[in-house]
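Let me begin by presenting the structure, written as structure tokens, before commenting on it.
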Amino acid sequence: LGSCRAVIVGTDVRINDQLAGKFVHESDVEGMLPAVIVFSSTGEIDEHSLNLATSMVSEVGARALVVDAFRLGASEAKTFSSFSKQEMSNALQIAITTIKECETCIDKVDPTKVAVVGHGVTANAMLLAASTGIDFFGGIAFTPMLEIESASAVETNFSSSSLPSSFGAVKPNLLIMPAYDAIGELGMLEQALGDDAKYEIFIQHNTRFLFNVQGNRAGNSNFTRSQAFRALDQSVSYLSALFNQTFATVGTDQPTLESGGNWSTGFGHDAVSYFDGDTEISGIIVRDKTKVTRQKKAHAVLVVPAWKGFDEYAISRLHYFASLGFVAMSANIYNLDIGFKIEDMPNTLSNLTQWREANNEEKGEAFARRIIAARDFIDKQNFVDGVSIVGFCFGGTGVYNAFRFSDKFDKDIKVYASFHGSMLPTRNFASNPPSDDKLEGYLTMYSGTKDDGESGQMLLDHLKDLSDQSSEWELTRYSSTVHGFTEWGSAGYNAWAEGRSFESLQAIMLANKIKLASAASPLLTASTLLPLMASAVAMLVTYLGRP
């Protein structure tokens, strides 16, 4: 096993003189580090799980144990899916004990920070163990089989790996990556996990069972390289944040605006005006003028605000993006003065419904056109290299509209990002299909499981709508998180969800080769994403095979 930074070795771990696992670690790194236990999709030690362990060791700075579940579960079963629930739990518990106590591992592993990774049926085994109260630090479930038992059903009606209707007291922090073709059970899974479990759910467009597994299943037609890499990226950033306790209490840094109403942080900000048809609209552009110039262009982020318009929070987000090396510009939907207070806005409800109404294509397209007017203006500036759109709440709904109607406008937008945006349907694709084969650009969505505007049937219909158009998208959901979770200082603010969502957005921006200002500040000081992306080619070769 090799890494681009250090020599990684795999040491045999034996139980009763039988090979029970491979302990994967950097040979020249001393001390007790967090550890990751990897179960393959078959329960056996295979090339895929060894390569995944190597990536975790290299990029997370952890130790790893790839296990043979058949040697740990004390089972005569021919396949892991034939294990009983008890045998699955036993295998996982023995693996946790082994990595904490075996002679090879004992002085190299921090016993308080052990995570478990499973694929398919072994992902179910990890979730089952979590549901029974087995104590481990964190878990990643790649494409679990979302067969949820009903509360009144007899257990024998289900497979041995079916998940309970109620998880009880879940101790580990979980990252669950269902395949898109299993999302019909998403609501039942969230209900089963309950309000006390801490988890993230990450879904990518049109993925299928074991989409990230290559090598150990001949002819795995479900494997998709780009989505497998994105899943690995998300897994590494999750484990890094978990082990380092990044965002445990504090998310991203909120810019401090100067007093006096001039909305300054020291970055250059310019008042501008532009047109949506015959309507002249006011706006502001914020950038670090010492680093973003005509000679040193940077990518622009167009910020679409929440229903309160460009208040202090929305203006702070402009300065936040500028601090990361972007050019940031307001997309002023209401066309009220920047900094206008919602308390002074007449006819608040009519301002909203003028732009947002379910199944109203005229309003949906008008909302998109108002956003695109700002995009057209910022894209013409001689210090800008490409544009992405980010929206919050009402603005997140605007992002969805800009994406849904993207074929009506110039389609050169890199990334569309919606934070807690309502998923109200606005375009009937059956009667008004896109002019091209698919909607262009990449849409990323961040929502809370306690936000009714982004849950239940509305969520499922929204994702199906997008998938039917062959669009490229991803969705991350955060447990027990309510609407408005990104707004610093608000009642709904959730530091973990806010920090993780912006870390995810940065990864997507970097993957799309977004140009930032030179020497720009990283998004999160504790993040490992920048070294992760720097070694992306090496990881692709190691984990997924040569491109």
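Computed from a predicted structure; not experimentally measured.
Atom NZ in K297 sits 7.0 Å away from atom CG in N382 (nearest 0.5 Å). To the nearest 0.5 angstrom, L475 atom CG is 10.0 Å from L466 atom CG. Here the OG1 atom belonging to T224 is positioned 9.5 Å from the CG atom belonging to N206, to the nearest 0.5 angstrom. Expressed to the nearest 0.5 Å, how far CZ of R477 lies from OG of S455 amounts to 4.0 Å. In this structure, CD1 on I389 lies 6.0 Å from CD1 on I371, to the nearest 0.5 angstrom.
Here the closest heavy-atom approach between residue V57 and residue V24 is recorded as CG2-O, 3.4 Å. Y334 and G309 get closest at one heavy-atom pair: CE1-N, 4.0 Å. Scanning both residues, S330 and A374, for their nearest heavy atoms gives O-CB, 4.1 Å. Heavy atoms only, all atoms of each residue included: M56 and L239 are closest at SD-CD1, 3.5 Å.
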Please walk me through it: do S235 and M177 pass side chain to side chain contact (heavy atoms under 4.5 Å, CB included)? CA-CA 10 Å; S235 302; M177 299 193 192; 3.2 Å; yes
Working for salt bridge (charged side-chain N to carboxylate O under 4.0 Å, His left out), residues K296 and D288: CA-CA 11 Å; K296 299 177 181 179; D288 185 342; over 6 Å; no
Please assess E200 against R500 for the test salt bridge (charged side-chain N to carboxylate O under 4.0 Å, His left out), listing each intermediate value before the final yes or no. CA-CA 10 Å; E200 298 176 22; R500 287 283 294 143; 2.8 Å; yes
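Side-chain atoms of S58 never come within 3.5 Å of backbone atoms of T54 as a donor-acceptor pair (strictly under, hydrogens ignored). In this structure, N335 contributes its side chain and S282 its backbone to a donor-acceptor pair below 3.5 Å. Formation of a donor-acceptor pair under 3.5 Å by the T481 side chain with backbone atoms of G448 is not found in this model. Without hydrogens or angle criteria, D407 side chain to S435 main chain gives a donor-acceptor distance under 3.5 Å. With hydrogens and angles ignored, the 3.5 Å screen pairs no side-chain donor or acceptor of Q214 with any backbone N or O of F223. Judged by distance alone, with hydrogens and angles left aside, the side-chain atoms of E498 form a donor-acceptor pair with the main-chain N or O of T252 at under 3.5 Å. For the pair D311 (side chain) and A314 (backbone), a donor-acceptor distance under 3.5 Å is present. A donor-acceptor pair is defined here as one N or O able to donate and one able to accept, closer than 3.5 Å; such a pair exists between the side chain of T397 and the backbone of S422. For the pair Q204 (side chain) and Q227 (backbone), a donor-acceptor distance under 3.5 Å is present.
Ring-centre distance between Y180 and W473: below the 6.0 Å cut-off.
In this structure the side chain of T246 never reaches within 4.5 angstrom of the side chain of S240, judged on heavy atoms.
The neighbour count for K289 NZ, taken as heavy atoms of other residues, nucleotides or ligands under 6.0 Å away, is above 12.
By the salt bridge (Lys or Arg N to Asp or Glu O under 4.0 Å) test, R370 pairs with D276, sequence neighbours left out. Applying the salt bridge (Lys or Arg N to Asp or Glu O under 4.0 Å) criterion to D385, with sequence neighbours excluded, gives K515.
A ring-ring contact (aromatic ring centres under 6.0 Å, His included) with Y416 is found for one member of F403, F405, Y400, Y446 and no other, namely F403. Here the options are Y320, W307, W488, F419, the test is ring-ring contact (aromatic ring centres under 6.0 Å, His included), and the partner is Y313; only W488 passes.
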